[in-house]
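Take a look at the structure below.
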Number of protein chains: 2
Amino acid sequence: MSKKQEDTIRSKSPKSPLPIQEDLLTEKEFLEQYRSSDYEKPSVTVDIALFTVDEEASGNHRKNEEKKLKLLLMRREHHPFKERWALPGSFVGMEEDLEDAARRIMKEKTAVPTAYLDQLYAWGEKERDPRLRIISVSYLALLRQGCLSLPGDKASLCWFDIDMKRLSNSSSHTDRGEEIRQVDVLCFTCEKNSFEVHVETRIILEEGIVRRSMHILKDEYLAFDHAKIIAHALQRLRQRIEYDNIAFCLMPEEFTLTQLQQVYELILDQKLLKANFRRKIASMVEETDNYKKDAAHRPSRLYRFVNRFS
Amino acid sequence: MSKKQEDTIRSKSPKSPLPIQEDLLTEKEFLEQYRSSDYEKPSVTVDIALFTVDEEASGNHRKNEEKKLKLLLMRREHHPFKERWALPGSFVGMEEDLEDAARRIMKEKTAVPTAYLDQLYAWGEKERDPRLRIISVSYLALLRQGCLSLPGDKASLCWFDIDMKRLSNSSSHTDRGEEIRQVDVLCFTCEKNSFEVHVETRIILEEGIVRRSMHILKDEYLAFDHAKIIAHALQRLRQRIEYDNIAFCLMPEEFTLTQLQQVYELILDQKLLKANFRRKIASMVEETDNYKKDAAHRPSRLYRFVNRFS
DNA sequence: TCAAAAGTGTTAGTATTACACCCATGT
DNA sequence: ACATGGGTGTAATACTAACACTTTTGA
């Protein structure tokens with residue numbers, strides 16, 4: 001193969017040759033000659049890890065409601081992975097931006113506007129779909145609390161309670177380098193179903209080269225590599241709540257500071273001290289004149305967000 | 001279109017119909033019937049923002065060498081964007097993982113092993129390539145200092161000095177929400193060329209919905225949306241050097257603490273105080289018994305990394 | 001002797017952590 | 001009265017930023 005050919009259209013991959021001789025073409029001629037259907041291509045899908053927070057009444061009237069972190073999953077009706085649970089997704093249309101595809105899916109699956117939508121990762125292992133080569137671009141999406149409702153006809157959709165806990169965290173030094181392995185357990189629960197998945201995150205340093213990878217250790221209920229995507233989404237959620245203050249995308253317009261703290265605790269999966277938490281978020285919220293006063297204890301003031309991005 | 005058809009293979013996009021009737025098929029039958037070439041698909045490329053650090057002797061023997069952050073660009077020989085500079089990239093082969101494609105490109109363009117390779121973002125605006133629909137998955141890659149050499153035949157490749165400075169940073173409150181606009185200036189310099197590009201990052205909050213986007217304000221020298229990719233890569237580099245300690249991927253095996261500080265200063269684009277910097281990184285390095293003693297001042301001890309991931 | 005950089009110490013201010021305490025409400 | 005959560009204060013500690021100073025080398 002000539003050098004000239006190799007550099008055609010950036011450089012080409014060995015398996016999808018681009019047999020175009022384009023030297024000395026004008027841009028117009030080039031475009032006319034270029035035929036995109038000449039080459040084999042992977043398919044591209046968008047998959048969405050959609051989270052929200054839900055309040056469930058606790059039996060006791062004195063006690064506060066309990067909060068749950070929720071993830072939307074879809075039961076697959078067809079092969080492959082028939083009957084397993086998958087993230088809502090879709091192929092990307094030729095005439096829509098990647099992000100438009102994500103918003104389209106959100107509209108199809110939910111009744112309310114998406115508060116937050118951010119790209120997570122492009123999953124491109126060649127064996128991740130047994131049918132054909134599919135690259136999936138995953139998104140992290142958040143709905144405000146109290147937006148659990150779904151369009152009525154989507155029987156296969158289900159909101160799962162989800163939580164992720166670190167099962168083990170080992171780091172070892174070998175003669176050739178260092179290695180960290182973290183195993184996370186993800187628990188999924190809804191009315192009829194409850195299951196558990198184990199995902200390992202590896203960071204390996206060998207001869208000065210860093211490699212990071214994720215592996216599914218145990219999963220009999222989720223489709224494709226969606227266990228990895230979900231674990232990755234939860235890890236991102238934890239980062240973003242600390243550095244980028246995305247908690248406000250999960251909160252209603254007005255809220256109590258305890259409700260806000262509960263959301264932090266849910267996502268970080270750890271208890272926080274009230275006084276310290278309030279000092280930490282003080283500059284991001286402002287008082288309203290409203291109170292939440294139905295419970296059998298001192299009414300709590302409602303707050304709203306200000307300076308979300310500072 | 002029937003509901004049944006719509007749900008075929010997750011759900012489909014409106015523009016690339018999947019006319020398969022797969023009810024009641026076994027997985028094997030399904031795979032035989034499924035023909036991936038039946039649908040129009042976007043092309044997928046991988047583009048790499050490859051950085052390294054270079055030391056250039058300062059005229060004065062007393063003074064230390066000057067450090068530069070380097071980015072590898074490739075002059076396009078063909079339309080579109082002929083003569084402009086682009087990130088090295090390639091189409092993704094049908095039989096290679098996304099990350100394999102990235103490693104393949106690295107091998108083609110560089111003579112030394114990549115110390116660090118991490119996915120940045122999947123760029124999917126439908127007009128980003130004037131020829132056809134191309135989705136580009138970009139990677140951030142780092143080479144160790146002293147690895148500037150390229151395979152001899154790649155005349156179109158060039159290492160540019162690069163630096164990014166914040167030009168403006170405005171936040172405004174409107175009646176409908178908040179808005180932050182940050183303009184960054186990227187300066188590119190190599191022997192024969194020198195140019196400047198302006199990229200704006202917007203974070204807009206409107207009616208409880210957050211949108212983040214990047215826009216090219218001024219660019220006559222880079223191809224496609226690569227100015228955005230490069231700005232994004234530099235932003236990521238800044239985050240990662242603070243939280244994930246990726247500086248060590250740019251350093252040689254042994255180095256002086258001043259060299260390490262210079263790398264931090266290059267990437268963060270700000271001066272740091274020596275004493276404070278040393279306390280901060282103290283737990284990540286350990287002394288060796290070697291010294292760098294060629295210069296006309298007190299010789300400095302060489303260190304190496306330990307606990308890179310803590 | 002001097003320029004240049006290596007390397008260390010001190011202090012003030014700020015942020016983080018853990019804990020203790022009082023307040024307001026409906027039952 | 002009391003269970004429950006709302007709300008605040010304090011003290012110990014750790015971290016950070018800024019600056020000043022001493023040491024070592026080759027020219």
Side-chain angles (χ1 to χ4, degrees), chain A residues 55-67 241-243 245 251 254-266 268 270-304 307 310, chain B residues 55-67 238 241-243 245 251 254-266 268-304 307 310:
Chain A
E55 263 187 359
E56 293 172 10
S58 65
N60 189 336
H61 180 56
R62 285 190 190 273
K63 286 198 170 177
N64 275 349
E65 300 86 357
E66 278 183 21
K67 283 225 163 33
I241 206 171
E242 302 229 70
Y243 302 124
N245 176 28
M251 304 302 292
E254 299 193 347
F255 50 87
T256 69
L257 295 185
T258 300
Q259 286 172 336
L260 183 60
Q261 182 174 342
Q262 287 171 329
V263 169
Y264 271 75
E265 289 176 342
L266 266 185
L268 297 174
Q270 61 175 315
K271 278 278 162 205
L272 304 173
L273 290 172
K274 185 170 46 168
N276 297 343
F277 176 76
R278 285 168 185 231
R279 269 187 290 270
K280 186 192 183 102
I281 54 104
S283 64
M284 302 185 333
V285 295
E286 67 181 9
E287 292 183 353
T288 70
D289 294 331
N290 306 326
Y291 290 83
K292 178 165 180 271
K293 47 175 120 177
D294 43 353
H297 51 74
R298 176 172 167 179
S300 60
R301 190 186 277 277
L302 294 173
Y303 288 76
R304 73 167 73 87
N307 303 323
S310 58
Chain B
E55 265 186 358
E56 295 172 7
S58 66
N60 190 335
H61 180 57
R62 284 186 191 276
K63 284 197 170 176
N64 274 348
E65 300 85 358
E66 277 183 21
K67 282 226 166 30
R238 284 185 189 170
I241 206 171
E242 302 229 68
Y243 301 125
N245 176 29
M251 304 301 292
E254 300 192 347
F255 50 86
T256 69
L257 295 184
T258 301
Q259 286 173 336
L260 182 60
Q261 182 174 342
Q262 286 171 330
V263 169
Y264 272 74
E265 289 176 342
L266 266 184
L268 297 174
D269 196 49
Q270 61 175 315
K271 277 280 160 203
L272 304 173
L273 290 171
K274 185 170 48 169
N276 296 343
F277 175 76
R278 283 167 187 231
R279 269 187 291 269
K280 186 191 183 105
I281 54 102
S283 66
M284 304 185 330
V285 295
E286 68 181 8
E287 294 182 352
T288 70
D289 294 330
N290 306 326
Y291 290 83
K292 178 166 181 273
K293 48 176 122 177
D294 43 353
H297 52 75
R298 176 170 167 179
S300 61
R301 191 187 275 278
L302 294 172
Y303 288 75
R304 73 167 70 89
N307 303 322
S310 58

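Chain identifiers are assigned alphabetically (A, B, ...) following the order of the sequence lines, protein sequences preceding nucleic acid strands; residue numbering begins at 1 within each chain. Computed from a predicted structure; not experimentally measured.
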Q) Tell me: NZ of B:Lys292 to C1' of C:dA4, nearest whole Å? A) 12 Å
Q: Could you check A:Ala295 against B:Asn64 and say which one's nearest nucleotide on DNA chain C is further toward the 5' end?
A: B:Asn64
Q. Among all residues two or more places apart in sequence or in another chain, which pass the salt bridge (Lys or Arg N to Asp or Glu O under 4.0 Å) test with A:Lys293?
A. none
Q: Begin with the C-alpha distance, continue with both residues' side-chain angles, and end with the deciding distance and a verdict on side-chain hydrogen bond (donor to acceptor under 3.5 Å, both in side chains) for B:Glu55 and B:Gln259.
A: CA-CA 10 Å; B:Glu55 265 186 358; B:Gln259 286 173 336; 3.1 Å; yes
Q) Please walk me through it: do A:Asn245 and A:Ile281 pass side-chain contact (heavy atoms from CB on, under 4.5 Å)? A) CA-CA 9 Å; A:Asn245 176 28; A:Ile281 54 104; over 6 Å; no
Q | Spacing between B:Phe255 atom CZ and C:dA6 atom C1', to the nearest angstrom | A | 16 Å
Q) Base, backbone or nothing for each nucleotide of nucleotides 7-15 of chain C, written B, S, -, heavy atoms under 4.0 angstrom, 5' to 3'? A) BBBB-----
Q. What nucleotide, of C:dA5, C:dC2, C:dA24, holds the atom closest to the side chain of A:His297?
A. C:dA24
Q.
Can you measure A:Gln261 atom CD to D:dG7 atom C1' for me and round it to whole angstrom units?
A. 12 Å
Q | Integer-rounded Å distance: C:dT27 P and A:Asp294 CG | A | 10 Å
**Q.** Distance in angstrom units between A:Glu65 CD and D:dG5 P, rounded
**A.** 10 Å
Q) Hey, what's the ring geometry for A:Phe277 with A:Tyr264, parallel, tilted or perpendicular (30° and 60° as the breaks)? A) perpendicular
**Q.** salt bridge (Lys or Arg N to Asp or Glu O under 4.0 Å): pairs with one or both residues in residues 277-287 of chain A, sequence neighbours excluded
**A.** A:Glu286-A:Arg304, A:Glu287-A:Arg301
Q: Mind calculating the distance between CG (B:Leu272) and P (C:dA5) to the nearest angstrom?
A: 16 Å
Q: Rounded off to whole Å, could you give me the OH-to-P distance for the A:Tyr264 and C:dT16 pair?
A: 13 Å
Q: Measure distances between side-chain N and O atoms of B:Arg62 and base N and O atoms of C:dA3, and say whether any donor-acceptor pair falls under 3.5 Å.
A: yes
Q. CG of B:Asn290 versus P of C:dA6: gap in Å, rounded?
A. 16 Å
Q | Greater than 12 external heavy atoms within 6.0 Å of A:Glu65's CD | A | yes
Q. So, does A:Gln262 use its side chain to make a donor-acceptor pair with the main chain of A:Glu66 at under 3.5 Å?
A. no
